[in-house]
Structure formats: structure tokens, C-alpha cells
2 protein chains.
Amino acid sequence: MSMKHAVLGLLDLSPLTGYDLKKAFDESVNHFWSGDQAQIYRTLTALVDTGLAEVEVVPQDGRPSRRVHRITAAGREELERWLRAEPDPAPARNDFLARVFFAPALDDDGVRELLGRRRAAVMGAWQTLTALEQAEGPGRSRAERLRLATLRNGLAHARAELDWLDELDREFA
Amino acid sequence: MSMKHAVLGLLDLSPLTGYDLKKAFDESVNHFWSGDQAQIYRTLTALVDTGLAEVEVVPQDGRPSRRVHRITAAGREELERWLRAEPDPAPARNDFLARVFFAPALDDDGVRELLGRRRAAVMGAWQTLTALEQAEGPGRSRAERLRLATLRNGLAHARAELDWLDELDREFA
DNA sequence: GACCGATATAAGACCATGCATATATAGGAC
DNA sequence: GTCCTATATATGCATGGTCTTATATCGGTC
């Protein structure tokens, strides 16, 4: 349920429209969060309704007015409350591991196929993250270093997954 | 949406009641899947409605009849279809990484607190998985080895997360 | 000239998930 | 005697999330 907080966090960095937020979700935080356009707009409405954000309407010609959302003092408080709160118990749902668990219902080729596809997907993710990390360069400020750390986290897990796949391949070679 | 497939997978191992399934979710597959009781019963109803499973009602006295669900041939086909299908694109939602990304809004103590709590949670998960692995012993059959592999996957990721936390601690010491 | 993608917002419909509550009885703890 | 836990299923309600469609214009490609 922290879609609300993800949006608040981004608004805390700078005022944004729903459209901007969608791009931010797809580009800068995509490695740990995703968001549907409809949901982003609804979340913004909810934030404004509860006083955690406010809107400024900037008319344009030829296209809909930009509705620029700005975090309020109450919003900043809520963001900090969330950051200090107990972590949400992770729902623990891993579609791929479910398939491995039930893979005994497949023949050997099927298992190899499953593992091969996983390897390709993880390598793709690894490359994306590496590219992002390169593009960022070394982090100087505390904020930059924390954000880079989220990329390194993704890379660490990708490597762990690839190592695990290597081991499995050896076992099922 | 593979709640359906998780249930089918378990039914493929043996016929089960909703109650049995809830226990199975909480015990044997909890490290990669979880399920609410209400949702399990609804999923079973849907599986029967679509011919992927069938029910046998076993009356008992003093408590509700056991409704034992058995996978059908169509169910087995659907299970295999899913196992061979393209992986679902993972939604990529990591509440903890979101907090790290937005943690610059916290003071140093807040960041340390966040990381400390994460470490505790991951160590807890690691211990749970280790205990499960010990309890299982070495896997002999192909099926046992694949199931053990899902535990090792969890352990590998837990270790990766702990290593990453160590590195971050050094950076923010 | 036709089509596509970017900019920008909004609403409807549906599915999945989770929380709470209801019912009914047996057996063990205190 | 009372309370809690285990057994077993079922429903209602609210929320969260995704998909689809609608509207409107500008600029570039083919």
C-alpha cells in the first residue's frame, strides 16, 4: 500500500504532474517500483483530498492543463513517519520459484527451458542496472549514494540469482 | 495471478481441502508464496467451476464436511501449460528499497535505524530457511532437489542482502 | 495525406487480495 | 467453568492494481 508513499517521496524531490510521475516510475525508480497511469492519477487525487499534496493548475494551449502537484508540510510529515515506521511484512510472492517448486511435473527439457529463460531475464536486468549505474557515475552527496545503493542492491541480487542458476545447472546437467 | 497455479501445483501433489491448502501455504511454500484463507477457498471454487479440479464431499460429525479437491486432467494440462509459458514480468515492488531511495529525507540515525531493522528481518528469514533446509536433509529425488533449490535460492538472496548491508554500513559508518 | 508518438488528464470496469466475521464442535489448559 | 486452539467452510466489504477507452493537439515519418 505504499504507492502513496512512493508518490510522496517523488513529490518531495520536486513538484510533478501525473504525467511526469509516470515517466519517473518508468525511468528512475523502475528497478524497485512500478505504477500504472490510472493508479498514479488516483493516488494524486487521494493525496490532495487528504491534504498531503496540493495542486497548481497551469493552463496550456492545445493540450490539457498541467496539474502540478506539490508536497505539503503534512505530506512531508507522513513521508517521514513512513520512513521511520516498521517495515511492511513482505508478501513473498515469487512466480519463478513457484514454477521451480512445481517443475517436477515437467520433463528434463522443460526444466532446462525454465532455467534458461530465467537466466536470460536476469542477465537482461543486470545489463539494464549496469547501464544505469554507469550513467550515474560515482555518487557524491549522501542522497546520491543512497540512490546508487538501490542500484547496487539490484545488481547484488542479480548476481546471486545467476550464481544460484550456475549451481543448479551443474546439479541438473 | 498465478494463485490459481500455486493451488493447482499443490493439488497435483495430493488431493487437499481448503484447510489443508492453507496449512500448506503457511508451512511448505511460505518462502515464495502466501495465501489468504478466503482467497484459497475462492480459488478452489473457481477451479471447480472451470473444470480444473473436482470436489469430493466427505461428511464428518461435529464439524463441516471436508471438501476434498482433486486435480483433473484439464487441470494437469493447465499446470503444465503455465510451467512452460513465458515468465510473468515481475512487478518489481520493493518497499524497503523505496525507503532507502527516499531515505535522504531522514537524518543519519534514521538511516541507521532503517538499515538495522532490515538486517534483523533478513537474518530472521535466513534462520527460518536454514532450519527448513536442515529439517529436509539432502534431496534424493529430482523433485526433492528442485524443492530444496527454492530454499537455497532464498538463502542465496538473504546472504546477498546481508553482504550489501555490510557494504552500506561501511559506507555510512 | 495518413499514421504514429509525445504531451496531458480522466473514468469505467474488473480482478486480486486482505481483513473481518459467522458458524459449530471437540479437546486441552487453567 | 471458561477460555483458547484446532478443525472446516463461507460470505461481505473495502482496497489496490491493471486494462481499456476517451479526448485533444502538435510534430515528425513514410
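To find a chain, count down the sequence lines: A is the first, B the second, and so on, and within it residues start at 1. Since the model is a prediction, treat every value here as computed from it, not as a measurement.
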Inset, instruction - Rounded off to whole Å, could you give me the CD1-to-P distance for the B:I40 and D:dA8 pair? - result: 14 Å

Inset, instruction - Could you tell me whether B:R152 and A:E171 have a side-chain N and a carboxylate O separated by less than 4.0 Å? - result: yes

Inset, instruction - Quick one: closest heavy-atom pair of A:L8 and A:G75, and the distance? - result: CD1-O, 3.8 Å

Legend entry - Which residues share a salt bridge (charged side-chain N to carboxylate O under 4.0 Å, His left out) with B:E113, sequence neighbours left out: B:R117

Inset, instruction - Evaluate the side-chain proximity of B:D108 to A:R142: yes if any heavy-atom separation is below 4.5 Å, no if none is. - result: yes

Inset, instruction - For B:T17, enumerate each residue passing the side-chain hydrogen bond (donor to acceptor under 3.5 Å, both in side chains) test, keeping only those at least two apart in sequence or located in another chain. - result: B:D20

Legend entry - Interatomic distance where NZ belongs to B:K22 and C1' belongs to C:dC19 [whole Å]: 12 Å

Inset, instruction - Give the rounded distance in Å between these two atoms: CG of B:D26 and C1' of D:dA6. - result: 14 Å

Legend entry - Degree of bending, the helix from C:dG1-D:dC30 to C:dC30-D:dG1 (end axes from five pairs; round to 10°): 20°

Legend entry - Whole angstrom value for the distance that separates C1' of D:dG17 from CG of B:D88: 15 Å

Inset, instruction - Mind running a 4.0 Å heavy-atom check of residues 47-60 of chain A against DNA chain D and sending the residues that fall below it, in number order? - result: none

Inset, instruction - Find out whether B:T128 and B:H31 are in side-chain contact, i.e. whether some heavy atom of one side chain is under 4.5 Å from a heavy atom of the other. - result: no

Legend entry - Per-nucleotide protein contact string for nucleotides 9-14 of chain C, where B marks a base within reach and S marks sugar-phosphate only (heavy atoms under 4.0 Å, - for neither): BBBBB-

Legend entry - Heavy-atom closest contact (B:N30 atom, A:A92 atom, distance): O-CB, 4.1 Å

Inset, instruction - Measure from CD on A:E27 to C1' on C:dT7 and round the result to the nearest Å. - result: 14 Å

Inset, instruction - Could you check if a side-chain atom of B:Y41 sits within less than 4.5 angstrom of a side-chain atom of B:Y19, using non-hydrogen atoms only? - result: yes

Legend entry - Value in whole Å for how far the P atom of D:dT18 lies from CD of A:Q39: 6 Å

Legend entry - Cation over ring face, A:R145 and B:F172, 6.0 Å, 45°: yes

Legend entry - Flag for A:H157-B:E161: side-chain donor and acceptor within less than 3.5 Å: yes

Inset, instruction - Name all residues meeting the side-chain hydrogen bond (donor to acceptor under 3.5 Å, both in side chains) criterion together with A:E56; count only those two or more places apart in sequence or in a different chain, and write none if there are none. - result: A:R70

Legend entry - Spacing of B:K4 atom NZ relative to C:dC15 atom P, expressed in whole Å: 12 Å

